[in-house]
Undergrad: 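Pasting in a structure now, in structure tokens, and then I'll have a few things to ask.
To find a chain, count down the sequence lines: A is the first, B the second, and so on, and within it residues start at 1. Everything numeric in this text was worked out from a predicted model, so none of it was measured.
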Number of protein chains: 2
Amino acid sequence: MADETNRRPLPATSWAVLGLLSFGEELSGYDLKKRSDRSLRFFYWSPSFSQIYSELKRLERAGYASSRTVAQETGTRDKRVYRITGTGMTAVREWARETPPDPPVLKHGPMLRLWLGHLLEPEQMRELLLQQQEFAEEMRLRAVADKTDAQDGPSQDGPSSAYPALTLKWAERYYASERDLAAAMLEDLEDLEDPAVPPTARGEQP
Amino acid sequence: MADETNRRPLPATSWAVLGLLSFGEELSGYDLKKRSDRSLRFFYWSPSFSQIYSELKRLERAGYASSRTVAQETGTRDKRVYRITGTGMTAVREWARETPPDPPVLKHGPMLRLWLGHLLEPEQMRELLLQQQEFAEEMRLRAVADKTDAQDGPSQDGPSSAYPALTLKWAERYYASERDLAAAMLEDLEDLEDPAVPPTARGEQP
DNA sequence: ACTAACATGTAAAGCGTTACATGATTTA
DNA sequence: TAAATCATGTAACGCTTTACATGTTAGT
């Protein structure tokens, strides 16, 4: 039963978790965290285990998900699995359609350091940018891997995995760009430290 | 005097605010919020007024900043202005040099909606992407404007504004890419909805 | 037998926002 | 003289993480 005492709108994270369930599968908190790391992670952040567990409780309280315990074979262990309800499908659909998204937020730690370049040695700035390139390339490769995973296992009925695949394609390009942006800034940095060759003198006019 | 009872490491936001002070100016909380909106905002998020005020108190308690009240002319109004201390400069320099940055975090609300494309109408997805393009272009233009502002007003002594300008240049490219990524996804979406012309048949072979 | 990974949570604490309160200054 | 902006905070609240607690399963 839905507990309708909570009239406050749910935070985006709740909808993200309910979104993971909206593909129709019955999943445990642990499963949801893994799915989250392979999808949400690339364009939204992936919530911690403990938050996923508490979001699931909230969703159940709201009537948007139902749970049951599953006992495995002979062991006494029981795991709790969640499934989206009809009410939940209606609610998440309405949220996705009607609630205008907040502007994207970027928290870019490395760029924060580079902004404080007057406190760093040039070598440290280069190091930061190289690490950033590596990170971006690694994320890009993971997005590619998860995209092919999602396409190879189209599973059964459920909704098409076309849109998740589309966002992973977006992520692939996003991290490629992130990688190239680091490379470009590396060049800008060299121009700055070597004023003998001003940037306008490179690659202009034959 | 520094209150050394607090041994916990400061959160990144504290360093960001101290970073704003590390350029040497004496600034009020209000000033800092404005600076933040014109620099940090593009690659890190801009904290709220109330958080800036509480961060300033924490920085003063830690001995990293000092404040004094300034009375304007005849009015009884007094404003509090902050300046970084020597200890503060040392601390923020060490933080920037020694503390490895967390990986960049992106919270992309529009992409979260698009990932749930099976809950939306195609027209709504197009609308989301168009708004995203607009947003990205607006941010890009603001970064350009703030970059020229920063270069035109090199002010007096202080550290060079070269590194802030560099990060604004990065932001300019970042938001240009964000804009183009939305356009690319718009095309992918059309390919998806019109399977008569598969994507591989566009622009390949003569 | 031991270790790593699986699995499910609770508790405490801090981060960060929104709403609220207050008052001065400037502009229309 | 009314409204908008400048300016400085406090209080309440909720989001989110880290640390902790507990036990199972699978591999070596």
Undergrad: Is there a donor-acceptor pair under 3.5 Å between the side chain of A/Arg80 and the backbone N or O of A/Gly29?
TA: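 A pair under 3.5 Å: no.
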Undergrad: Measure from CG on A/Leu56 to P on C/dG9 and round the result to the nearest Å.
TA: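 In whole Å, C/dG9 P and A/Leu56 CG are 9 Å from each other.
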Undergrad: How many Å lie between CZ on B/Arg41 and C1' on C/dG16, as a whole number?
TA: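 The answer, rounded to whole Å, is 17 Å.
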Undergrad: Reckon A/Lys107 has a side-chain N or O less than 4.0 Å from the OP1 or OP2 of C/dG16?
TA: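 Yes.
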Undergrad: OP1 or OP2 of C/dT18 less than 4.0 angstrom from a side-chain nitrogen or oxygen of B/Ser48, does that happen here?
TA: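 For C/dT18, neither OP1 nor OP2 has a side-chain N or O of B/Ser48 closer than 4.0 Å.
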Undergrad: Which nucleotide sits closest to the side chain of B/Pro47: D/dT17, C/dC6, C/dT17?
TA: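 Among D/dT17, C/dC6, C/dT17, the one nearest the side chain of B/Pro47 is C/dT17.
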Undergrad: With a 4.0 Å limit, can you tell me whether B/Trp45 has a side-chain N or O closer than that to the phosphate oxygens OP1/OP2 of C/dT17?
TA: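 Yes, such a contact exists.
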Undergrad: What is the distance from CZ of B/Phe49 to P of D/dC6, rounded to the nearest Å?
TA: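 The distance from CZ of B/Phe49 to P of D/dC6 comes to 8 Å, rounded to the nearest Å.
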Undergrad: Taking atom types as modelled, is there a side-chain donor on B/Asp31 or B/Ser28 under 3.5 Å from an acceptor on the other?
TA: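 Their side chains do contain a donor-acceptor pair, which is all the 3.5 Å distance test asks for.
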Undergrad: When the distance from CD1 of A/Ile52 to P of C/dA7 is rounded to whole Å, what number comes out?
TA: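 A/Ile52 atom CD1 is separated from C/dA7 atom P by 14 Å.
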Undergrad: Does a side-chain N or O of A/Arg80 approach OP1 or OP2 of C/dA7 to a distance below 4.0 Å, or not?
TA: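 So the side chain of A/Arg80 is outside the cut-off, no N or O lying under 4.0 Å from OP1 or OP2 of C/dA7.
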Undergrad: Does a nitrogen or oxygen in the side chain of B/Lys57 sit under 4.0 Å from OP1 or OP2 of D/dT10?
TA: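 Result: yes.
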Undergrad: Any side-chain N or O of A/Ser50 below 4.0 angstrom from OP1/OP2 of D/dT17?
TA: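 No, no such contact exists.
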Undergrad: Is there side-chain contact between B/Pro110 and B/Gln131, with at least one heavy-atom pair below 4.5 Å?
TA: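 Contact flag for B/Pro110/B/Gln131 side chains = no.
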Undergrad: Whole angstroms only, please: what is the CG-P distance between A/Leu27 and C/dT8?
TA: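 The distance from CG of A/Leu27 to P of C/dT8 comes to 11 Å, rounded to the nearest Å.
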Undergrad: Round to a whole Å and report the spacing from OH of A/Tyr53 to C1' of C/dT10.
TA: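 One finds 12 Å between C1' of C/dT10 and OH of A/Tyr53, rounded.
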Undergrad: Relative to each other, are the rings of A/Phe23 and B/His118 parallel, tilted or perpendicular (30° and 60° limits)?
TA: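 Aromatic pair A/Phe23/B/His118 classed tilted.
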Undergrad: Map B/Lys34 and A/Gln51 onto DNA chain D by nearest heavy atom, then report which one ends up closer to the 5' terminus.
TA: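 On the 5' side of the pair lies B/Lys34.
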